[in-house]
Amino acid sequence: MPELPEVEVTRLSFAQRIAGARIDGVRMGKPLRWPLGCEPEQLVGQRVLAVRRRGKYLLLDLSEGLLMLHLGMSGSVSFGSPLAEPGKHDHFDLVTSLGTLRLHDPRRFGAVVFASDEADAAAQKLLGRLGVEPLGDAFDVATFQQALKSRNMAIKQVLLGGQAVVGVGNIYASEVLFLAGIRPTTKALRISKARAALLHGAIRQVLAQAVAKGGSTLRDFSNAQGEAGHFQLEAMVYDRAGLPCRVCAAPIKSMRQGQRSTFYCATCQKP
DNA sequence: CACGGATCCTGATGGC
DNA sequence: TGCCATCAGGATCCGT
């Protein structure tokens with residue numbers, strides 16, 4: 001469910017409401033991808049100062065530490081008071097004076113990890129190698145062109161890799177390449193500067209628009225207040241194999257790249 | 001180092 | 001209460 005826009009929409013939906021809250025308790029369900037990294041009691045009594053985002057991670061700044069949340073493939077967050085009794089896929093509750101933050105994650109590829117601060121080894125392991133934020137000023141055309149020049153890999157794989165830029169997941173990778181007119185299999189280092197500039201613009205445009213519209217998701221995305229996103233109504237290629245291209249009417253093609261499905265229009269997107 | 005693949009887990013879907 | 005194969009929004013880890 002969660003690519004960068006969904007994570008950001010989730011953040012926006014509860015960051016203000018949880019700010020200043022005192023942590024009163026922690027409830028853990030089944031194990032997630034990684035252990036919490038501290039005793040749950042260590043969190044109790046701390047304050048949640050702010051909620052930030054880095055890539056697809058939600059970062060809760062605590063009065064004495066940092067709590068990193070990742071939604072994996074199937075995670076979603078809700079925040080409210082009171083919340084219903086935890087269901088079988090609710091694997092982490094942070095009970096606070098202002099409401100309960102709950103991670104619901106059927107596949108359990110998500111994680112909640114504590115670090116004493118951002119320089120902590122636990123934080124560096126997860127955040128240390130992340131690329132530049134696509135919606136920030138540091139994501140400039142020249143740097144992006146440079147990053148592509150060194151990669152002898154299909155451009156779609158580079159986008160998913162998270163080193164040239166973070167936050168582009170499997171859905172938006174197909175969408176962004178369609179908008180830029182670039183075939184997903186094109187090697188990154190063979191993309192001209194002009195086309196790299198187009199791709200750079202497409203990434204910013206698509207992600208920013210998805211955030212503005214409340215996040216995407218084909219099936220079940222909703223923010224922490226339970227409101228659904230609308231981007232799925234506008235996918236140009238993702239999950240549209242065999243359907244006519246919205247621009248040229250040629251049938252959308254699908255293929256596998258690195259165990260992930262890719263969708264593209266062979267007419268609109270050039271190698 | 002760069003790259004490709006296996007891997008974690010549960011649920012939905014479709015073919016037979 | 002049918003069974004089995006395939007696929008799903010991520011990304012780390014490991015072998016080459």
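Residue numbers start from 1 in every chain, and the chains themselves are labelled A, B, ... in the order their sequence lines are given, proteins ahead of strands. Since we're looking at a predicted model, the values are computed, not measured. The analysis underlying the following values was restricted to heavy atoms, covering all of them including side chains, and did not include hydrogens, waters or symmetry mates.
Side chain of A/K56, nearest nucleotide from C/dT12, C/dA8, C/dA11: C/dA11. Proximity note for A/M153 (side chain, C-beta onward) versus C/dA8, B/dG4, C/dA11: the nearest is B/dG4. Picking from B/dA6, C/dA8, C/dG10 the nucleotide with the shortest atom distance to the side chain of A/Y238 gives C/dA8. Set against C/dG10, C/dC13, C/dA8, the side chain of A/K125 has C/dC13 as its closest nucleotide.
In this structure, A/H70 does not reach the C/dG10 phosphate: none of its side-chain N or O atoms is under 4.0 Å from OP1 or OP2. OP1 or OP2 of B/dA6 has at least one side-chain nitrogen or oxygen of A/Q259 nearer than 4.0 Å. For B/dG11, the OP1/OP2 oxygens have no side-chain nitrogen or oxygen of A/S74 closer than 4.0 Å. Note on A/K30: every side-chain N or O is 4.0 Å or more away from OP1 and OP2 of B/dC9. Dashed line: the shortest gap from a side-chain N or O of A/R33 to OP1 or OP2 of B/dC9 is not under 4.0 Å. For B/dG11, the OP1/OP2 oxygens have a side-chain nitrogen or oxygen of A/H89 closer than 4.0 Å.
Counting non-hydrogen atoms under 4.0 angstrom, A/G258 reaches nothing in the nucleic acid. Using a 4.0 Å heavy-atom cutoff across all strands shown, A/R129 reaches no nucleic acid atom at all.
Here the separation of C/dT12 from B/dG11, taken at their C1' atoms, is 23 Å to the nearest Å.
Taking the six-membered ring for Trp and thresholds of 30 and 60 degrees, A/F14 and A/F79 have ring planes inclined between 30 and 60 degrees apart. Between A/F144 and A/H200, the angle of the ring planes lies from 30° to 60°, which puts this pair in the tilted group.
Only A/R107, A/F109, listed by number, bring a heavy atom of residues 103-118 of chain A to less than 4.0 angstrom from any atom of DNA chain C.
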